[in-house]
Structures are given as structure tokens and as C-alpha cells.
Visitor: 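Right, I'll just put the structure down here and ask away after.
No hydrogens, no waters, no symmetry mates; every other heavy atom, side chains included, goes into these values.
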Amino acid sequence: MELNVYNTPFKKKKPFVPLNGNKVGMYVCGVTVYDMCHIGHARSLMVFDIISRYLRRKGYDLTYVRNFTDIDDKIIARANALETSYREVADRYIDEFNTDMEILGVRHADIEPKATDHIGDIIEMVRILVEKGLAYRAEDGSVYFSVAKFKGYGSLSGRRIEEMIAGARVDIGELKRDPLDFALWKASKVGEPSWDSPWSKGRPGWHIECSAMSTRFLGPTLDIHGGGRDLIFPHHENETAQSEGAYGVPFVRNWIHNGFVTVNGEKMSKSLGNFMTIRELTRDVHPEVLRLLVLSNHYRSPIDFSRDALNTSRNSLVRFYEMLDRVNRATATGDASRLEAHIGTFLAAIDEAMADDFNTARAMASLHDLTTKVNRSLDNDPRLSEGDRRQLARAVEEIVEVFGILAEDPGLFLDTVKRGDVQETGLSEQEILRLIDERNQARKAKDFKRADEIRDTLKAKGIQLKDSPGGTLWEKKP
RNA sequence: GGCGGCAUAGCCAAGUGGUAAGGCGACGGUCUGCAAAACCGUUAUUCACCGGUUCAAAUCCGGUUGCCGCCUCCA
């Protein structure tokens with residue numbers, strides 16, 4: 001299936017054609033490490049995790065680069081507030097980030113460069129821009145990019161220079177020649193971390209690090225550059241100006257921007273204070289539930305985050321795992337395959353969905369279809385052939401590899417997720433089991449009144465019973 | 001103010017020209033002592049509104065309304 005990808009500046013999908021045959025270079029803007037990551041970050045990280053997994057599965061020779069911005073105003077501010085060094089702040093939150101990614105099952109990028117490890121590359125790039133007359137040194141030793149000198153500024157975000165001038169502003173103390181100019185190199189004040197450069201002791205501006213590091217690892221033209229929608233302007237616009245200004249070749253062949261996580265329709269962000277950190281959420285929500293929520297929406301659409309939305313995802317995930325659990329429990333039969341055709345259809349459907357601009361929502365619909373078909377088949381005949389078991393294992397492997405869900409043992413997953421925190425019910429597991437036992441004795445004695453009474457009591461405490469051939473099971477209803 | 005995006009059933013959500021995926025919920029059925037789960041069936045003649053193009057429009061064009069984002073740090 002031919003891969004079609006939506007490209008931000010063209011506003012439409014087109015066939016994905018890497019610059020060099022099968023090789024794909026993908027750069028995604030990572031995080032600024034000054035605080036814990038929230039669910040909005042999680043979505044972006046998951047989206048590109050899934051895209052990278054799919055590209056690899058598709059056979060592309062992918063090099064995925066995701067940076068850490070480890071020097072910046074906010075990191076310095078945080079370090080000052082904590083009376084520590086910028087380095088300690090950055091390193092601490094890089095550790096926290098890595099822990100979050102491990103929790104979320106987001107794989108490491110191939111290369112995860114830090115801005116401060118590439119000061120030399122950054123200075124070299126700024127030097128080229130100054131040499132070409134696209135940048136200038138201001139009085140204080142800072143270096144600014146001269147926006148007016150770069151033709152094509154605004155083409156990514158669809159803005160014209162004249163339109164931007166009105167809205168532009170200049171901070172006090174900035175020595176720009178033009179309000180639209182942006183800093184490539186910031187001269188440092190006393191006490192701030194700094195590096196030597198031909199212009200001043202200082203530190204890199206935000207935008208230049210991505211240009212410098214992406215070029216270092218992937219060359220001057222990227223096949224894919226990704227990030228959140230909010231980075232389109234000015235960050236990605238500025239990266240384009242820097243890179244194309246310096247090297248004279250197209251910077252990015254495919255811009256991919258993910259939609260926001262919103263809360264009550266508003267963007268989740270630090271400044272609005274309506275955020276929830278990854279760590280907080282995953283204390284009582286299984287990471288795959290969040291992943292399924294992300295997968296159930298198209299990557300460019302907003303996701304309105306709520307407990308309700310989370311619950312819906314949880315229920316779907318439980319449905320998938322219960323199907324897998326049934327499969328595991330099914331007795332063997334030597335009969336011919338009943339599921340092979342369904343599984344073939346499913347695998348083709350998810351590839352088709354993903355090849356169409358990474359349409360994970362459609363892929364999840366196919367997974368629901370497959371689940372229904374497997375359940376139906378097992379309703380008709382609870383036995384399963386070896387061939388079907390193998391095919392199904394293959395399908396699950398594909399799901400795990402591309403989407404990062406259904407990676408857990410079904411029995412274990414259902415235990416932890418369905419039973420959750422027993423404490424909340426006000427009963428101990430022992431008490432629950434005792435009541436179930438008492439109810440089953442009543443049932444045996446055909447005392448259904450007493451049996452139903454017990455079931456209702458448990459239900460009132462949020463515990464749902466399920467009588468199955470193997471005995472009575474219980475779960476906590478969210 | 002400028003630029004951009006979105007508007008699909010009770011809710012969530014796919015769908016960019018060929019006659020509305022999927023999930024949740026609800027209702028009916030099979031199964032069950034009764035439930036739960038699973039399965040089967042029903043649940044949008046219609047895609048914010050008004051015009052237009054077309055044999056054909058949720059999809060394209062123009063306008064209106066509402067919501068959101070960017071223009072300052074932001075995934």
C-alpha cells in the first residue's frame with residue numbers, strides 16, 4: 001500500500017517519497033527540560049512514536065532524531081528559583097522524561113541530541129548566516145536573523161511579512177534592526193551560563209539548535225519534520241529560514257504537525273494551568289488506555305481530554321484483552337483454520353489505514369471488527385486450531401509493534417485494570433471472595449433471593465460479578 | 001486586528017466527488033435461575049446555516065454563524 005502523508009504547507013496528502021531511496025530522516029522537536037511533561041506532550045511523543053514504528057514496519061530505513069532543549073530562559077529561571085545550576089535542572093528533567101517515556105512505552109529515538117552538546121555546530125551555522133548577510137551582530141554581541149533578507153519567510157505558516165509587522169513586538173533591551181528578526185545567539189548576562197563565540201559569550205537562541213542538530217545528523221534536507229501545531233509559527237518558520245538560508249536547499253519535504261490535547265475545548269498548557277502530568281495520570285490509569293485514546297483520534301485532530309474519554313478507551317481496551325484472554329483459554333482442536341481470512345483482512349485493513357496519512361482511528365475500527373469476529377467464532381465453537389492461534393499471535397505482534405497496545409499478558413492486564421484499586425470499594429479481596437462463595441452456595445441451594453441480594457450489595461460497592469463456566473469472576477466498574 | 005483550523009447521531013469519532021466506518025450509550029433478541037460478558041438486530045434519508053458548481057457534494061466554490069489555535073514561551 002502506497003503511503004500518503006499530509007504536508008502542512010500544502011494542506012493536502014501526497015505520496016511519500018524520501019529524498020534518498022529507502023532512507024528516511026525524521027526530526028521531531030522534543031521538549032524543553034525544565035519541568036514534568038504533561039499529557040499534551042505525551043500525545044505528541046506517542047504520535048511520532050507510532051509514525052516511526054509504522055515507517056520501520058513498512059520497510060523504510062529510518063533515522064529518527066528527537067532533541068532535548070537543555071539550555072533556555074525557562075531552564076535558567078528554574079535553576080535560579082531552585083538555587084541550582086541549569087545543568088542540574090536539565091539533567092533531572094531529562095531523567096524524568098525518560099521515565100515517562102518508559103511508562104508510556106514510547107521508544108527512544110535513534111539519536112537524542114542535546115543543544116549544549118552541539119554548540120560548535122550551532123556557532124558554525126550562525127557564522128554561515130552572518131557571512132551570507134542573512135544575520136548580523138547587534139551591539140551587545142547577540143546575533144539576529146534578518147527576516148526581511150530571506151525570501152519566502154512565512155511560506156510554511158501562510159503569513160506574509162507585511163501582515164506580521166503589525167503584530168510584532170520588541171522586548172525591552174533587544175537590539176534588533178527589525179521587529180521580526182529573531183535571535184540566533186543571545187549574549188549572556190553576568191552569572192548566566194555561556195559559551196564562547198566569535199560574537200560574544202552567550203548561548204544559542206531556541207530555533208537555531210534544531211536547524212543545526214537536524215543538519216548534523218540528517219543533512220540539510222529532512223524527509224519528515226514533526227512537532228505540535230503550536231510550533232508552526234514561529235519555531236518551524238524560523239528553522240526553515242535558517243536552514244534554507246544557510247544551505248540553499250529545501251529544508252523539509254514533509255511537515256507533520258499533531259493536534260493538541262484540549263481540556264473543555266481549550267489547549268492544555270502550562271500557562272493555562274489546565275494540565276495533568278503524565279506521571280499523575282498513569283498512577284491510576286494504565287498507559288495503554290492513554291495510548292488507545294490517542295490512537296482513536298486522527299493525529300491532526302484535537303483530543304478533548306476527560307475522564308469520560310479515558311473510560312471509553314479503557315472499556316475498548318478491556319474488550320480487546322478479554323478477547324485475547326478467551327483465545328488463550330480456548331481448548332485446542334485440530335480443525336482447519338476459521339480465522340485466517342479475517343486476520344488477513346485485518347492486517348490489510350490496518351496497513352491501508354496507516355498508509356493513508358497514519359489513520360490510526362480507522363485502524364482501531366478494524367481491531368474492533370476483528371475482535372467481534374473472533375468472539376463470534378468462539379461463541380460458535382469454543383475450540384481453536386493451532387493455525388488460528390498462530391495467525392492471531394501474528395496479528396497481535398503487528399498491533400504491539402505498530403501501535404504499542406496489547407503488549408501485556410491478557411490475564412495480568414485484566415486483573416490489574418479490571419480490579420484496580422480494591423481499597424476504593426471499601427472491601428478487601430478476601431471479603432469479596434467470601435461473599436462470592438456465600439452467594440454460590442445460596443445459588444446451589446436455589447436460594448436466588450439471597451444470591452441476588454449479595455450480588456446487589458457488591459454492585460452497590462462498584463463490584464460486578466460474572467458467572468462463567470470456570471467459576472464466578474469479579475471486576476471493579478469504573 | 002491579521003493568519004490558520006474545526007463544525008458528522010444522545011456522547012466520542014472515521015470519512016476530500018459516487019450515495020454516511022467504528023466505539024460508547026439506549027432499546028429488542030440469543031445465552032443465563034436472574035444478571036454480567038459475548039453474539040445478533042434496531043438506533044444520522046443525513047453531515048452548523050444559506051447560496052452555487054456537478055449526472056452526483058459531508059466532501060469542491062462563495063457567504064453567514066459558532067468554537068478553537070497561532071501571531072509571546074509552548075507538543
Side-chain angles (χ1 to χ4, degrees), chain A residues 8 11-13 28-32 34 37-48 66 69 72-74 77 154 157-160 162-169 171 180 206 226-235 237 257-262 264-272 275 292-293 296-298 300-304 306 308-309 311-316 318-319 322-323 326 349 353 356 359-369 371-380 382 443 446-449 451-452 455-456 459 464-468 472-475 477:
Chain A
T8 303
K11 300 189 178 83
K12 58 181 165 206
K13 302 175 204 170
V28 174
C29 291
V31 295
T32 300
Y34 74 103
C37 287
H38 58 63
I39 295 157
H41 298 115
R43 180 188 191 184
S44 186
L45 270 334
M46 282 181 170
V47 162
F48 290 103
R66 185 182 60 217
T69 298
D72 135 291
D73 289 347
K74 275 184 300 206
S157 54
R159 292 154 205 259
R160 283 185 312 237
E162 311 84 74
E163 284 159 353
M164 287 184 272
I165 291 172
R169 60 170 220 184
D171 284 335
L180 291 181
W206 174 37
R229 287 189 87 83
D230 49 355
L231 298 183
I232 294 173
F233 190 89
H235 186 51
E237 195 71 70
H257 290 103
N258 67 275
F260 298 132
V261 172
T262 61
N264 295 324
E266 275 186 323
K267 178 181 170 183
M268 179 179 284
S269 71
K270 288 271 165 64
S271 42
L272 286 172
F275 64 93
L292 182 58
L293 177 61
S296 301
N297 293 66
H298 188 89
R300 280 186 276 114
S301 307
I303 295 180
D304 205 46
S306 65
D308 249 26
N311 256 334
T312 301
S313 294
R314 191 207 90 117
N315 291 342
S316 292
V318 166
R319 179 171 134 85
E322 283 198 314
M323 177 270 287
R326 277 184 87 176
D356 183 13
N359 196 327
T360 54
R362 225 160 69 204
M364 290 305 103
S366 299
L367 181 53
H368 270 110
D369 281 345
T371 302
T372 301
K373 282 167 182 156
V374 172
N375 277 330
R376 185 195 296 156
S377 175
L378 289 173
D379 274 1
N380 290 335
R443 285 173 70 209
K446 304 247 185 253
D447 181 1
F448 295 122
K449 188 165 165 267
D452 289 351
R455 189 173 58 200
D456 290 346
K459 194 170 184 179
Q464 177 68 56
L465 298 186
K466 177 178 168 183
D467 296 323
S468 78
T472 301
L473 304 172
W474 65 274
E475 67 181 89
K477 279 286 176 191

Visitor: Heavy atoms under 4.0 Å, any strand shown: does A:Met364 hit a base, just sugar-phosphate, or nothing?
Guide: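 Touches nothing.
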
Visitor: Within the pair A:Asn315 and B:C24, is there a side-chain N or O less than 4.0 Å away from OP1 or OP2?
Guide: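 For B:C24, OP1/OP2 do not have a side-chain N/O of A:Asn315 under 4.0 Å.
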
Visitor: Donor-acceptor check, side chain of A:Asp304 to backbone of A:Asn264, threshold 3.5 angstrom: yes or no?
Guide: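 It does hold such a pair.
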
Visitor: Whether the side chain of A:Asp452 and the base of B:G33 hold a donor-acceptor pair under 3.5 Å is what I'd like checked.
Guide: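 Per atom types, the contact qualifies.
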
Visitor: Starting from C1' on B:C73, measure out to CG on A:Asp72 and report it in whole angstrom.
Guide: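 My rounded result for the distance is 8 Å.
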
Visitor: Considering only the P atoms, how many Å lie between B:A37 and B:C50, rounded to the nearest integer?
Guide: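 The answer is 41 Å between these two P atoms.
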
Visitor: Say we look at B:C49 and B:G66: how far apart would their P atoms be, to the nearest angstrom?
Guide: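 Going atom to atom, P in each nucleotide, I get 15 Å.
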
Visitor: If you look at every strand shown and take non-hydrogen atoms under 4.0 Å, does A:Ile232 touch a base, only sugar-phosphate, or nothing?
Guide: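 The residue A:Ile232 makes no contact with any strand.
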
Visitor: Determine the interatomic distance between C1' on B:A48 and the same-named atom on B:A7; round to the nearest Å.
Guide: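 Roughly 6 Å separates the two C1' atoms.
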
Visitor: Starting at CG of A:Leu378 and ending at C1' of B:U30, how long is that distance when rounded to a whole Å?
Guide: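 Distance, rounded to whole Å: 17 Å.
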
Visitor: If we ignore angles and hydrogens, is there a donor and acceptor under 3.5 Å between the side chains of A:Ser44 and A:Arg229?
Guide: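 Side chains of A:Ser44 and A:Arg229: no pair found under 3.5 Å.
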
Visitor: Let me spell it out: for each of A:Leu293 and A:Asp230, pick the nucleotide of RNA chain B with the closest heavy atom. Which residue's pick is nearer the 5' end?
Guide: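 It is A:Leu293, whose closest nucleotide lies nearer the 5' terminus.
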
Visitor: If the cut-off is 4.0 Å, is A:His368 near the phosphate of B:G22, judged by side-chain N/O to OP1 or OP2?
Guide: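 Negative; the distance criterion is not met.
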
Visitor: Any idea which of B:C73, B:A14, B:C71 is nearest the A:Phe233 side chain?
Guide: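 Within the option list, the nearest is B:C71.
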
Visitor: Any side-chain to backbone donor/acceptor pair from A:Asp356 onto A:Asn359? Under 3.5 Å, distance only.
Guide: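 It does not hold such a pair.
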
Visitor: Between B:G15, B:G33, B:A21, which nucleotide gets closest to the side-chain atoms of A:His298?
Guide: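 Given the options B:G15, B:G33, B:A21, the side chain of A:His298 is closest to B:G15.
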
Visitor: Determine the Euclidean distance between corresponding C1' atoms of B:C31 and B:A14; express it in Å to zero decimal places.
Guide: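 Here B:A14 and B:C31 have their C1' atoms 33 Å from each other.
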
Visitor: Is any side-chain N or O of A:Thr372 closer than 4.0 Å to OP1 or OP2 of B:C39?
Guide: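 Answer is yes, contact under 4.0 Å.
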
Visitor: Counting any heavy atom closer than 4.0 Å, what does A:Phe260 reach on the DNA or RNA strands: base, sugar-phosphate only, or nothing?
Guide: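 If one applies the 4.0 Å heavy-atom cut-off, A:Phe260 turns out to touch a base.
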
Visitor: At less than 4.0 Å, is any side-chain N or O atom of A:Arg159 found next to OP1 or OP2 of B:C70? Yes or no.
Guide: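 So the side chain of A:Arg159 is outside the cut-off, no N or O lying under 4.0 Å from OP1 or OP2 of B:C70.
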
Visitor: To the nearest 0.5 Å, what is the distance between OG1 on A:Thr32 and NZ on A:Lys74?
Guide: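 Answer for the OG1-NZ pair, A:Thr32 versus A:Lys74, is 5.5 Å.
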
Visitor: By the 4.0 Å heavy-atom rule, please label A:Gly30 as base, sugar-phosphate, or nothing.
Guide: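 The answer is sugar-phosphate, as A:Gly30 gets under 4.0 Å only of primed atoms, P, OP1 or OP2.
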
Visitor: Figure out the CE/P separation between A:Met323 and B:A38, and round it to whole Å.
Guide: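 Distance check: A:Met323 CE to B:A38 P gives 12 Å.
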
Visitor: Contact class for A:Arg326 (heavy atom, under 4.0 Å): base, sugar-phosphate, or nothing?
Guide: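 Sugar-phosphate contact only.
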
Visitor: Roughly how many Å apart are B:U59 and B:G17, using the C1' atom of each and rounding to a whole number?
Guide: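 Result for the C1' pair: 7 Å, nearest Å.
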
Visitor: Is the side chain of A:Thr371 donor-acceptor paired with the backbone N or O of A:Leu367 at a distance under 3.5 Å, no angle test?
Guide: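 Pair found, side chain donor or acceptor close to backbone of A:Leu367.
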
Visitor: Using the P atoms only, state how far B:G5 lies from B:U43, rounded to an integer number of Å.
Guide: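 B:U43 and B:G5 have their P atoms separated by 36 Å.
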
Visitor: Can you check whether A:Asn297 has a side-chain N or O nearer than 4.0 Å to OP1 or OP2 of B:A13?
Guide: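 For B:A13, OP1/OP2 do have a side-chain N/O of A:Asn297 under 4.0 Å.
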
Visitor: For B:A38, which nucleotide in any strand shown is its Watson-Crick or wobble partner with both distances under 3.5 Å?
Guide: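 In the structure as shown, B:A38 has B:U30 as its Watson-Crick or wobble partner.
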
Visitor: Can you figure out which of B:A37, B:G5, B:A14 approaches the side chain of A:Arg229 most closely?
Guide: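 Ranking B:A37, B:G5, B:A14 by closest atom to the A:Arg229 side chain puts B:G5 first.
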
Visitor: What is the distance from CZ of A:Arg300 to C1' of B:A14, rounded to the nearest Å?
Guide: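 Going from CZ in A:Arg300 over to C1' in B:A14 covers 12 Å.
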
Visitor: When you measure from the side chain of A:Lys466, which nucleotide among B:A37, B:C71, B:C24 comes out closest?
Guide: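 Of all the options, the side chain of A:Lys466 is nearest to B:A37.
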
Visitor: Is there a donor-acceptor pair closer than 3.5 Å between any side-chain N or O of A:Arg43 and the backbone N or O of A:Gly259?
Guide: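 Side chain of A:Arg43 to backbone of A:Gly259: a pair is present.
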
Visitor: Using the P atoms only, state how far B:U65 lies from B:G18, rounded to an integer number of Å.
Guide: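 Going atom to atom, P in each nucleotide, I get 31 Å.
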
Visitor: Please state how far atom CG in A:Asp304 lies from atom P in B:C67, giving the value in whole angstrom units.
Guide: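 Those two atoms, CG and P, are 15 Å apart.
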
Visitor: Could you check whether A:Lys459 gets within reach of a base, just the sugar-phosphate, or nothing at all, counting any heavy atom under 4.0 Å?
Guide: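 Counting heavy atoms under 4.0 Å across all strands, no contact is made by A:Lys459.
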
Visitor: Between B:U64 and B:C24, how far apart are the two C1' atoms, rounded to whole Å?
Guide: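 Roughly 34 Å separates the two C1' atoms.
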
Visitor: If you round to the nearest 0.5 Å, how far is CG of A:Asp230 from NE2 of A:His257?
Guide: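 The NE2 atom of A:His257 sits 9.0 Å away from the CG atom of A:Asp230.
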
Visitor: Could you check whether A:Gly227 gets within reach of a base, just the sugar-phosphate, or nothing at all, counting any heavy atom under 4.0 Å?
Guide: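 Counting heavy atoms under 4.0 Å across all strands, the contact made by A:Gly227 is with sugar-phosphate only.
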
Visitor: Have a look at A:Val28 and say if it touches a base, only the backbone sugar-phosphate, or nothing, with a 4.0 Å heavy-atom cut-off.
Guide: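 Here A:Val28 touches no strand at all.
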
Visitor: Report yes if a side-chain nitrogen or oxygen of A:Asn375 is closer than 4.0 Å to either non-bridging phosphate oxygen (OP1 or OP2) of B:A37; otherwise report no.
Guide: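 No, A:Asn375 has no side-chain N/O under 4.0 Å of OP1/OP2 on B:A37.
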
Visitor: Rounded to the nearest angstrom, tell me the gap between atom NE2 in A:His235 and atom P in B:C71.
Guide: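 For the pair A:His235 NE2 and B:C71 P, the rounded distance is 13 Å.
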
Visitor: Nearest-Å distance, NZ (A:Lys373) to C1' (B:G22)?
Guide: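 Going from A:Lys373 (NZ) to B:G22 (C1'), I get 12 Å.
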
Visitor: Scan every strand shown for a Watson-Crick or G-U wobble partner of B:A58, both distances under 3.5 Å, and answer none if you come up empty.
Guide: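 None - no nucleotide pairs with B:A58, as no candidate has both distances under 3.5 Å.
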
Visitor: Toward the 5' end of RNA chain B, which comes first, A:Lys12 or A:Gly228, by nearest nucleotide?
Guide: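 Checking each residue's closest nucleotide, the 5'-ward one belongs to A:Lys12.
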
Visitor: Using Watson-Crick or G-U wobble geometry with both distances below 3.5 Å, tell me the partner of B:G4, or none.
Guide: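 Base partner found: B:C68.
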
Visitor: Has A:Ser301 got a side-chain N or O lying under 4.0 Å from the OP1 or OP2 atom of B:A14?
Guide: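 Yes, within the criterion.
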
Visitor: OP1, OP2 of B:C70 versus side-chain N and O of A:Lys267: anything below 4.0 Å?
Guide: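 A:Lys267 to B:C70 OP1/OP2: side-chain N or O found under 4.0 Å.
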
Visitor: In whole Å, what is the span from the CZ atom of A:Arg455 to the P atom of B:A37?
Guide: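 Whole-Å distance recorded here is 12 Å.
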
Visitor: So, the side chain of A:Arg66 versus the backbone of A:Leu45: is there a donor-acceptor pair under 3.5 Å, distance only?
Guide: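 No.
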
Visitor: Salt-bridge test for A:Asp452 and A:Arg455: reply yes if a basic N is under 4.0 Å from a carboxylate O, no otherwise.
Guide: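 Salt bridge between A:Asp452 and A:Arg455, a charged N being under 4.0 Å from a carboxylate O: yes.
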
Visitor: Could you tell me whether A:Ser157 contacts a base, only the sugar-phosphate backbone, or nothing, with contacts defined as non-hydrogen atoms closer than 4.0 Å?
Guide: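 Sugar-phosphate, backbone atoms only, no base.
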
Visitor: Classify the nucleic acid contact of A:Asp467 as base, sugar-phosphate or nothing, counting any heavy atom under 4.0 Å across all strands shown.
Guide: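 Here A:Asp467 touches the bases of the nucleic acid.
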
Visitor: Using both distances under 3.5 Å as the test, list the Watson-Crick or G-U wobble partner of B:U43, or none.
Guide: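 Check on B:U43: paired to B:G25, both distances under 3.5 Å.
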
Visitor: Whether the side chain of A:Arg362 and the base of B:G15 hold a donor-acceptor pair under 3.5 Å is what I'd like checked.
Guide: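 Looking at the base of B:G15, it does not pair with any donor or acceptor on the side chain of A:Arg362 (distance under 3.5 Å).
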
Visitor: Between B:C24, B:G22, B:A75, which nucleotide gets closest to the side-chain atoms of A:Thr312?
Guide: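 So the side chain of A:Thr312 is nearest to B:C24.
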
Visitor: Just call it for A:Lys446: base, sugar-phosphate, or nothing, with non-hydrogen atoms closer than 4.0 Å on any strand.
Guide: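 Nothing, no nucleic acid heavy atom in range.
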
